[in-house]
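For reference, the structure discussed in these notes is given below.
Order of the sequence lines fixes the chain letters, A, B, ..., with proteins taken first and strands second; residue numbering starts at 1 for each chain. No experiment lies behind these values; they were computed from the predicted model shown.
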Amino acid sequence: MAETEIRPTNFIRQIIDKDLASGVHSAIKTRFPPEPNGFLHIGHAKSICLNFGIAEDFGGTCNLRFDDTNPVKEDITYVNSIKEDVHWLGFDWGGEAKYSSDYFDKLHGFAVELIEKGLAYVDFSTQEQIREMRGTLKTPGTNSPYRDTDVKTNLAAFADMTAGKYKEGECCLRAKIDMTSSFIVMRDPVLYRVKFAHHHQTGDKWCIYPMYDFTHCISDALEGITHSLCTLEFQDNRRLYDWVIENISIDCQPRQYEFSRLNLEYTVLSKRRLIQLVTENHVDGWDDPRMPTIAGLRRRGYTPGSIREFCKRIGVTKMDNMVEMGMLEACIRDDLNVNAPRAMAVLEPIKLVIENYPADKSETLIALNHPNDESMGTREIEFSREVWIEAEDFRETANKKFKRLVLDKEVRLRNAYVVKAVRVDKDDAGNITTVYCEYDPETLGNDPADGRKVKGVIHWVDAKSGTPAEFRLYDRLFNVPNPAAQDDFVSAINSASLVTKKGWAEAGLAADRETHAWQFERTGYFCRDKDSRDDTLVFNQTVGLRDTWAKIGD
RNA sequence: UGGGGUAUAGCCAAGUUGGUAAGGCAGCGGGUUUUGAUCCCGCCAUUCGUAGGUUCGAGUCCUGCUACCCCAGCCA
């Protein structure tokens, strides 16, 4: 596609440039560390493009690592979907995917080391007591009565914890740091908790699981990650990240840098809310084309290149942001405009009968697959006496701004003849069902010989050969730009986010299994949906064409 | 005066030793066009949250304000 050639620049790449120039690092290693507790979304794509993009551009490597320290929230189906999505986006992690759980043994050893150094202790306080002792944002915390337990006792207690002798919530392992720190994350954070849960990778081997803050930094160090990139909400956690690395016996010193997460207008990008949309059936699943998930965007017809281009265009900073949907749409339009072959489809059909065209005649016309790219070739389309046209492309009367078919006026049928409307049929309700017209046989491939100007062009589908099709038109999932700010974001769902139309597509599309996306001329970009059946094709509208007419109105 | 962060156009975002505000999206004019698309051409910040200060010169340095985001899970 038309991906921008220029290499992105951002503060993280500048830090890496300096680290390389100063010799702090000679090779760069990053990682993309999702928790397998949901499907990847466009926000993850930003992180993926950042991490894998840096690895590519600096000749380094990027690991895919599942941050799987909380088995009760995770599932193997998510790890599989995540692998698929990262690959689909066009990135490769080289070799096997990593798991934080690969390091559970080592992590446990480091925990023991901290206990031996007097830097960690087993706390038997209740969760509520721990919360109270933590203090508040403005008042310091207080020490736990278990804080000064001797090393030997702690070692034994941790061994018992590991052996399953304590119930969930009965105790936990805490780091001994500083209960008065202004960084609340440093007020003796929990390192391990008891969970009698089956883990998708380690099975029932463990009944204690390490916390994120203890796991992530060590996993980074064990993998030799040089630059650990995460989102802004982890800025405070960086102090704990560094504390852990400094207080255990490990060589590597990865550095954490934080960037702002993506916010997109008219959708939600938090896993909690996306899960809710799926489980409460507000959408048809993780790959519903209205979802901002990678799977949803893929089914909607977005290409990997368009998503990568989007990530390039939005950049990486530390500023809170809210990106307009138009930015994403511009990326897929730019891609499909050059790569999608054109075709014709009528979404809301009325019949056009050409009265001076023989009823038994039929002819094969040649149409360009792309008006600006001859290399995309041509195709044959059938034409006969009756064709479908778009209901909105005909009016009995209209002002001159309406460049379509009007009674007693002419219009060009795309790739075919100029026709003139002469009369209409209406149903009992007064809706136009059929437009009768006359065609000018001399206008195939050239303008009228007498020099009269026909300024309108409308698309059509041959009624004799056309194939029935269902068109799914999508609008924004929410009615407000920032649904997440709503008390009840579900109430802001756009009830008209999916509109289905039954119409016709040109015959050639039924057999075409190769083409990934088309531009239905004058309508928009569409892709074939997996719901397509032999008797009815199903198309998802990826995005409409830019439409200045719609803005002007009439 | 808890701490950590961020403020450049409607949106995203360059701007790195202080030297006179990139680019993209959107928008607005005009041209081409058998898609009201595409493409092409032009316009779109005397000003960088705000008030002062230093300087020949400040988006960049200093000081004071203001606004917004994050942190009190045995979630990540």
Side-chain angles (χ1 to χ4, degrees), chain A residues 4 6 9-11 14 18 33-35 37 67 69-70 72-73 123 126-127 130-132 134-141 168-174 181-187 189-195 208-209 211-213 215-216 230-239 258 260 265 271-272 312-331 333-334 337-338 342 344 367-368 370-372 401-404 411-416 418 443 445-447 454-459 519-524 544-552:
Chain A
T4 321
I6 48 139
T9 174
N10 58 54
F11 74 99
Q14 288 166 357
K18 282 182 187 134
E35 182 187 17
N37 65 343
D67 216 345
T69 58
N70 189 0
V72 304
K73 288 194 172 179
D123 196 326
T126 65
Q127 265 184 73
I130 287 179
R131 176 163 29 84
E132 282 161 17
R134 188 151 32 225
T136 70
L137 294 177
K138 295 190 178 183
T139 60
E168 290 187 13
E170 193 172 350
C171 62
C172 62
L173 182 72
R174 291 227 263 166
S181 176
S182 52
F183 292 100
I184 291 176
V185 71
M186 297 297 269
R187 318 238 263 227
V190 172
L191 265 24
Y192 267 93
R193 76 287 214 188
V194 178
K195 271 183 198 287
I208 61 168
Y209 291 94
M211 298 288 287
Y212 164 85
D213 284 303
T215 308
H216 204 94
C230 63
T231 42
L232 251 29
E233 64 269 27
F234 293 101
Q235 288 176 115
D236 287 358
N237 300 247
R238 187 175 68 241
R239 278 72 188 183
E258 311 87 11
S260 55
E265 282 189 343
K271 235 175 263 191
R272 188 207 110 211
K312 201 173 291 181
R313 291 185 189 183
I314 60 176
V316 176
T317 69
K318 301 179 78 144
M319 291 186 254
D320 289 325
N321 59 79
M322 179 66 75
V323 176
E324 293 174 346
M325 237 348 145
M327 189 83 93
L328 218 206
E329 293 173 343
C331 292
R333 283 198 189 102
D334 282 357
N337 176 47
V338 328
R342 305 302 92 144
M344 294 194 288
L368 254 28
H370 193 117
N372 318 72
K401 284 198 297 184
F402 187 76
K403 295 164 48 178
R404 310 180 190 187
V411 77
R412 156 83 60 186
L413 290 180
R414 177 71 167 158
N415 298 126
V418 167
T443 55
N446 41 265
D447 290 332
V454 178
K455 61 179 188 309
V457 178
I458 64 173
H459 58 277
Q519 181 200 96
F520 292 155
E521 288 187 295
R522 303 208 316 125
T523 302
L545 258 28
R546 235 180 112 251
D547 189 358
T548 48
W549 165 251
K551 283 169 195 154
I552 297 163

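Side chains of A:Asn237 and A:His216 form no contact here, defined as non-hydrogen atoms less than 4.5 Å apart. Considering only heavy atoms from C-beta on, A:Leu232 comes within 4.5 Å of A:Asp320 through its side chain. No side-chain heavy atom of A:Leu368 sits under 4.5 Å from any side-chain heavy atom of A:Arg342. Between A:Leu413 and A:Met344 there is no side-chain heavy-atom pair separated by less than 4.5 Å. The side-chain heavy atoms of A:Asp213 and A:Pro189, taken from C-beta on, include no pair separated by under 4.5 Å. Proximity of A:Asp447 to A:Arg412: side-chain heavy atoms (C-beta onward) are separated by under 4.5 Å at one or more points. Counting only heavy atoms from C-beta outward, the side chains of A:Val457 and A:Glu521 never approach each other to under 4.5 Å. Using a 4.5 Å cut-off on side-chain heavy atoms (C-beta onward), A:Arg414 and A:Arg522 make no contact.
Residue A:Gln14 has no polar side-chain atom (N or O) positioned under 4.0 Å from OP1 or OP2 of B:A14. Taking side-chain N and O atoms only, A:Thr548 has a distance below 4.0 Å to OP1 or OP2 of B:A37. Applying the 4.0 Å criterion to OP1 and OP2 of B:A14, one finds that A:Thr9 has every side-chain N and O outside that range. Between A:Arg239 and B:G4, a side-chain N or O to OP1/OP2 separation shorter than 4.0 Å is absent.
Searching all strands for a Watson-Crick or G-U wobble partner of B:C43 with both distances below 3.5 Å returns B:G27. Under the Watson-Crick or G-U wobble criterion, with both distances below 3.5 Å, B:A37 has no partner in any strand shown. In a base pair of the Watson-Crick type (N1 to N3 plus N6-O4 or O6-N4) or a G-U wobble (N1-O2 and O6-N3), with each distance short of 3.5 Å, B:A67 is matched with B:U6. Base-pair partner of B:A22: not found among the strands shown (Watson-Crick or G-U wobble, both distances under 3.5 Å).
Here the closest non-hydrogen pair linking A:Arg193 and A:Thr69 is NH1-O, 3.4 Å. The shortest heavy-atom contact between A:Thr443 and A:Val418 is OG1-N, 2.9 Å.
Contact annotation for A:Lys403: base contact, defined as any heavy-atom pair under 4.0 Å involving a base atom. At the heavy-atom level, A:Val323 lies under 4.0 Å from the strands shown only through sugar-phosphate atoms. A:Thr139 comes within 4.0 angstrom of no nucleic acid atom, judged by non-hydrogen atoms across all strands. Heavy atoms of A:Arg546 sit under 4.0 angstrom from primed sugar atoms or phosphate atoms, though from no base atom. The residue A:Leu545 sits close to a base: some heavy atom pair falls under 4.0 Å. When heavy atoms are screened at a 4.0 angstrom cut-off, A:Pro34 is found touching no nucleic acid atom at all. Using a 4.0 Å heavy-atom criterion, one finds that A:Val72 contacts no nucleic acid atom at all. Within the 4.0 angstrom heavy-atom criterion, base atoms lie near A:Gln519. Counting any heavy atom pair closer than 4.0 Å across all strands shown, A:Gly445 reaches a base atom. Nucleic acid contact class of A:Asn415 (heavy atoms, under 4.0 Å, all strands): base.
The CG-P distance, from A:Leu328 to B:G24, rounds to 19 Å in whole Å. Rounded to whole Å, atom C1' of B:U38 lies 13 Å from atom CG of A:Leu368. Atom CZ in A:Arg238 sits about 10 Å away from atom C1' in B:G5, given to the nearest Å. With rounding to whole Å, A:Asn337 atom CG is found 11 Å from B:C40 atom P. Straight-line distance from the CZ atom of A:Arg414 to the P atom of B:U33: 14 Å, rounded to whole Å. The NZ-P distance, from A:Lys312 to B:C25, rounds to 14 Å in whole Å. The CZ atom of A:Arg342 sits 7 Å away from the C1' atom of B:U38 (whole-angstrom rounding). A straight line from CE of A:Met319 to P of B:U6 spans 10 Å, rounded to a whole angstrom.
Position along RNA chain B of the nearest nucleotide to A:Phe183 versus A:Asn372 favours A:Phe183 as the more 5'-ward residue. Checking A:Ser182 against A:Ser260, the closest nucleotide of RNA chain B that is more toward the 5' end is the one next to A:Ser182.
A 6.0 Å sphere centred on NZ of A:Lys455 holds more than 12 heavy atoms belonging to other residues, nucleotides or ligands.
Side-chain proximity of A:Lys138 to the nucleotides B:U8, B:G2, B:G36 is greatest for B:G2. Here the nucleotide nearest the side chain of A:Ala330, chosen from B:U35, B:A72, B:C25, is B:C25. With B:G36, B:U34, B:G24 as the candidates, the nucleotide lying closest to the side chain of A:Met327 is B:G24. Closest approach to the A:Thr317 side chain among B:A76, B:A14, B:A72 is made by B:A14 (side chain taken as heavy atoms from C-beta onward).
For the P atoms, the distance from B:C12 to B:C69 is 15 Å, rounded to whole Å. Rounded to the nearest Å, the gap between the P atom of B:U50 and that of B:G59 is 12 Å. When the C1' atom is used for both B:C41 and B:U32, the distance is 11 Å, rounded to whole Å. Nucleotides B:C68 and B:G29 place their P atoms 37 Å apart, quoted to the nearest Å. Rounded to whole Å, the separation between the P atoms of B:A13 and B:G49 comes to 14 Å.
Judged by distance alone with a 3.5 Å cut-off, no donor-acceptor contact links the side chain of A:Arg333 to the base of B:U38. Judged by distance alone with a 3.5 Å cut-off, no donor-acceptor contact links the side chain of A:Arg522 to the base of B:U35. Evaluation of atom-type donor-acceptor distances gives a pair under 3.5 Å for the side chain of A:Glu324 against the base of B:G10. Within 3.5 Å, no donor on the side chain of A:Arg313 pairs with an acceptor on the base of B:G23, nor the reverse.
Of the candidates A:Lys73, A:Lys271, A:Arg272, A:Lys271 is the only one forming a side chain to side chain donor-acceptor pair (under 3.5 Å) with A:Asn37.
Rounded to the nearest 0.5 angstrom, A:Asn415 CG and A:His459 NE2 are separated by 12.0 Å.
When atom types are taken as modelled, the side chain of A:Ser181 and the backbone of A:Phe183 share a donor-acceptor pair closer than 3.5 angstrom.
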All N/O pairs under 3.5 Å across the protein-nucleotides 73-75 of chain B interface:
residue, atom, partner, partner atom, Å
B:G73, OP2, A:Arg134, NH2, 3.1
B:C74, OP1, A:Arg134, NH2, 3.1
B:C74, OP2, A:Arg134, NH1, 3.1
B:C74, N4, A:Ser125, O, 3.3
B:C74, N4, A:Gly169, O, 3.1
B:C75, OP2, A:Arg193, NE, 3.0
B:C75, OP2, A:Arg193, NH2, 2.9
B:C75, OP2, A:Lys195, NZ, 3.4
B:C75, O3', A:Arg193, NH2, 3.1
B:C75, O2', A:Asn70, ND2, 3.1

Distances for protein N or O near nucleotides 66-70 of chain B N or O, under 3.5 Å:
residue, atom, partner, partner atom, Å
B:C69, O4', A:Asp320, OD2, 3.2

